[in-house]
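All remarks here apply to the structure that follows.
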Amino acid sequence: MQAMQPKKKVAFPRYAEYNCAVRYLVEQGLEATCVLQPALTRHTEEIGAKYSPDFVCTPFKTVLGSLIEALEAGADTLVMTHGLCRLGYYGELLEQILRDLGYSFEMVNLSQYSTGRKKDWLKAAQRINPKIKLPRAAAALLETFKMVDYLDEITARYYQNCGFDATGGEYARAYRQFLTALYRVRSRAEIENAYHEARQAFQRIPLDKPAHPLRVGIVGEFYTAMDAFSNLGTEQKLADMGVEVHRWMNVSHRFLHYSGEKNLNVRIKDLCTYEMGPTSTANIWCARDYAARGFDGLIHIKSANCTPEIDIMPVLQRIGSEYKVPTLCLTFDSQTSDVGLMTRLEAFYDMISQRRRKTF
């Protein structure tokens, strides 16, 4: 009798709260074990920065530190995403650094399979489980997409309303319970239950929200703008000041329901003649959309050494000037101070609140 092969212990870099969806797909679709490394901390960033090239963008350092923590937690297979900027090359560099450090593992670099052919994605999945059951994997993939949809919807609702919680903490508690539930779900029914419970919990919590609250739109680099650790909780800090925070950039908007570069380029052709990078078109379009809708301020979040986001800064400044909308650019690296960030956010809040009082 042939011995059963042990399940692979798979890890993906920590990224915002999306690892709950990764865990679901790996365990329910690929029938492997998902290793969830610790949440990102300063230690993660420090060990990643220690072994990274000096001028690489900050997310590379965070990802490297996260993968090291995953290997230390028992992972034997690492999955690295692909991307349209330098991210597309990071998988190979990360693998080489980790092997030079003496780690033994299997690397599934999705950049090698991003050919546009479905059969190549199947090859990547078979690296994790050679005996993958296609109907089960396909169903789990669709359920994972739905989980990401729900996660982004509830997260958006949270940051738009948590700053007006009349109870002083129930809104945040309901959101944390929703996230905890997503990390535990094992079926589509449990995903749906977690989502509807969160919506109902939000509806029950009284809000002390003015008819026209201060609204700030956040745009920026795909990793840093979405990951609360990487941006030092910028959205929560703004919400705590009594701001309704909006961020279009998330996984479901950018990948599951994206209207496409060509469609967005038509809308911003007066601002951007050429494609400038992986999220540049979307950020320019989104910034102008926020400005046109009368938002009180725009915040551009990027990591240090992110070339595409550096390129769009003059365009964002032009949007701010034309629509008379204050625009704040924030750059994050491993040395960014929480105190320094709060000083800038408080000054920005004072400015937009004073402008609002003068306007009304």
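Under 3.5 Å, the side chains of Asn109 and His82 contain no donor-acceptor pair of N or O atoms. Ser280 and Asn283 share no side-chain donor-acceptor pair at under 3.5 Å. No hydrogens or angles considered: a donor-acceptor pair under 3.5 Å links the side chains of Asp152 and Tyr18. Side-chain atoms of Thr224 and Glu309 form no donor-acceptor pair, as typed in the model, at a separation below 3.5 Å. Looking at Gln354 and Asp350, their side chains never bring a donor and an acceptor atom within 3.5 Å of each other.
Environment of CD in Glu92: sparse, with no more than 12 heavy atoms of neighbouring residues, nucleotides or ligands closer than 6.0 Å. For Gln335, the CD atom counts as loosely surrounded, since its 6.0 Å shell holds 12 or fewer non-hydrogen atoms of other residues, nucleotides or ligands. No more than 12 heavy atoms of other residues, nucleotides or ligands sit less than 6.0 Å from atom NZ of Lys9. Within a 6.0 Å sphere centred on CZ of Phe255, heavy atoms belonging to other residues, nucleotides or ligands number more than 12.
By the side-chain contact (heavy atoms from CB on, under 4.5 Å) test, Asp100 pairs with Gln96, sequence neighbours left out. Looking at residues two or more places apart in sequence or on another chain, you find no side chain to side chain donor-acceptor pair (under 3.5 Å) involving Tyr159. Remark: Ala21 pairs with Thr144, Met147, Val148 by the side-chain contact (heavy atoms from CB on, under 4.5 Å) rule, at least two apart or across chains. For Tyr175, the ring-ring contact (aromatic ring centres under 6.0 Å, His included) partners two or more places apart in sequence, or in a different chain, are Tyr158. Partners of Pro38 under the side-chain contact (heavy atoms from CB on, under 4.5 Å) rule, at least two apart in sequence or in another chain, are Glu69. Scored by the ring-ring contact (aromatic ring centres under 6.0 Å, His included) test, Tyr223 finds Tyr15 as partners (sequence neighbours excluded).
The backbone N or O of Phe164 lies less than 3.5 Å from no partner atom in the side chain of Asp208, so there is not a single donor-acceptor pair. Here the side chain of Asn231 pairs a donor or acceptor atom with the backbone of Asp227 at under 3.5 angstrom. Put simply, the side chain of Arg355 never gets that close to the backbone of Pro326: no donor and acceptor are under 3.5 Å apart. Under a 3.5 Å cut-off, the side chain of Asn161 and the backbone N or O of Arg157 do form a donor-acceptor pair. Formation of a donor-acceptor pair under 3.5 Å by the Arg288 side chain with backbone atoms of Arg267 is found in this model. Although no hydrogens or angles enter the test, the distance criterion places a donor-acceptor pair under 3.5 Å between the side chain of Asn19 and the main chain of Pro13. Looking only at distances, no side-chain donor or acceptor of Thr273 sits under 3.5 Å from a matching main-chain atom of Lys269. Remark: side-chain polar atoms of Arg215 are paired, donor with acceptor, to backbone N or O of Arg293 under 3.5 angstrom. Here the side chain of Lys209 pairs no donor or acceptor atom with the backbone of Ala166 at under 3.5 angstrom. For the pair Glu27 (side chain) and Ala32 (backbone), a donor-acceptor distance under 3.5 Å is absent.
When hydrophobic residues (I, L, V, M, F, W, Y) are linked wherever their side-chain heavy atoms come within less than 4.5 Å, Val35 remains an isolated member. Grouped with Val79 in one hydrophobic cluster are Val10, Phe12, Val22, Val26, Leu30, Val108, Leu110, Tyr113, Trp121, Leu122, Ile128, Ile132, Leu134, the linkage being side-chain heavy-atom contacts under 4.5 Å among Ile, Leu, Val, Met, Phe, Trp and Tyr residues. In this structure, Leu36 belongs to a hydrophobic cluster whose other members, linked by side-chain heavy atoms under 4.5 Å apart, are Tyr183.
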Let's go through Phe145 and Val251 carefully: what are the C-alpha distance in whole Å and the side-chain angles of both, what is the deciding distance for side chain to side chain contact (heavy atoms under 4.5 Å, CB included) to 0.1 Å, and is it a yes or a no? CA-CA 10 Å; Phe145 289 163; Val251 170; over 6 Å; no
Stepwise side chain to side chain contact (heavy atoms under 4.5 Å, CB included) check, Asp76 with Lys8: CA-CA 7 Å; Asp76 57 28; Lys8 292 187 175 180; 3.9 Å; yes
Going through the checks in order, is the salt bridge (Lys or Arg N to Asp or Glu O under 4.0 Å) test met by Glu190 and Arg186? CA-CA 7 Å; Glu190 292 180 359; Arg186 295 183 177 275; over 6 Å; no
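For the pair Glu244/Leu238, no side-chain contact is recorded, criterion being any heavy-atom separation below 4.5 Å from C-beta on. Residues Phe178 and Glu197 form no side-chain contact, since every pair of their non-hydrogen atoms from C-beta on lies 4.5 Å or further apart. At a threshold of 4.5 Å between non-hydrogen side-chain atoms, the residues Ile299 and Leu330 count as touching. No side-chain heavy atom of Leu298 sits less than 4.5 Å from a side-chain heavy atom of Leu316. At a threshold of 4.5 Å between non-hydrogen side-chain atoms, the residues Trp285 and Leu264 count as touching. Contact of the Ser353 side chain with the Leu214 side chain is registered, since non-hydrogen atoms from C-beta on lie closer than 4.5 Å. Taking 4.5 Å as the limit, every side-chain heavy atom of Ile47 sits out of range of all side-chain heavy atoms of Leu64. Between Glu17 and Leu182, the closest side-chain pair of non-hydrogen atoms is not below 4.5 Å.
For residues 286-340, the ring pair (Phe, Tyr, Trp, His ring centres under 6.0 Å) pairs, not counting sequence neighbours, are His246-Phe295, Tyr290-Phe295. Listed by first then second residue, pairs satisfying side-chain hydrogen bond (donor to acceptor under 3.5 Å, both in side chains) with a partner in residues 45-58 read Arg42-Glu45, not counting sequence neighbours. Counting only residues at least two apart or in different chains, side-chain hydrogen bond (donor to acceptor under 3.5 Å, both in side chains) contacts with residues 29-38 comprise Glu31-Lys133, Glu31-Arg136, Gln37-Ser66.
Both Tyr258 and Phe222 are assigned to one and the same hydrophobic cluster, defined by single-linkage of ILVMFWY side chains at heavy-atom distances under 4.5 Å. A continuous path of Ile, Leu, Val, Met, Phe, Trp and Tyr side chains, each step under 4.5 Å between heavy atoms, connects Leu67 with Leu101, placing both in one hydrophobic cluster. Linking ILVMFWY side-chain heavy atoms closer than 4.5 Å, directly or via other members, places Val266 and Ile319 in two distinct hydrophobic clusters.
Relative to the six-membered ring of Phe202, Arg199 misses at least one condition, a distance below 6.0 Å or an angle of at most 45° to the axis.
Of the charged side-chain nitrogens involved, at least one lies within less than 4.0 Å of a carboxylate oxygen, so that Arg173 and Glu170 count as a salt-bridged pair. Arg356 and Asp296 are joined by a salt bridge, as a carboxylate oxygen and a charged side-chain nitrogen come within less than 4.0 angstrom of each other. Of the charged side-chain nitrogens involved, at least one lies within less than 4.0 Å of a carboxylate oxygen, so that Asp120 and Lys123 count as a salt-bridged pair. Between Glu192 and Arg188, at least one side-chain nitrogen of the basic residue sits less than 4.0 Å from a carboxylate oxygen of the acidic one, meeting the salt-bridge criterion.
Phe60 and Tyr90 have perpendicular rings, their planes meeting at more than 60° on a 0 to 90° scale where under 30° would count as parallel.
Under the side chain to side chain contact (heavy atoms under 4.5 Å, CB included) test applied with Arg247, the options Val216, Ile218, Val219 reduce to a single match, Ile218.
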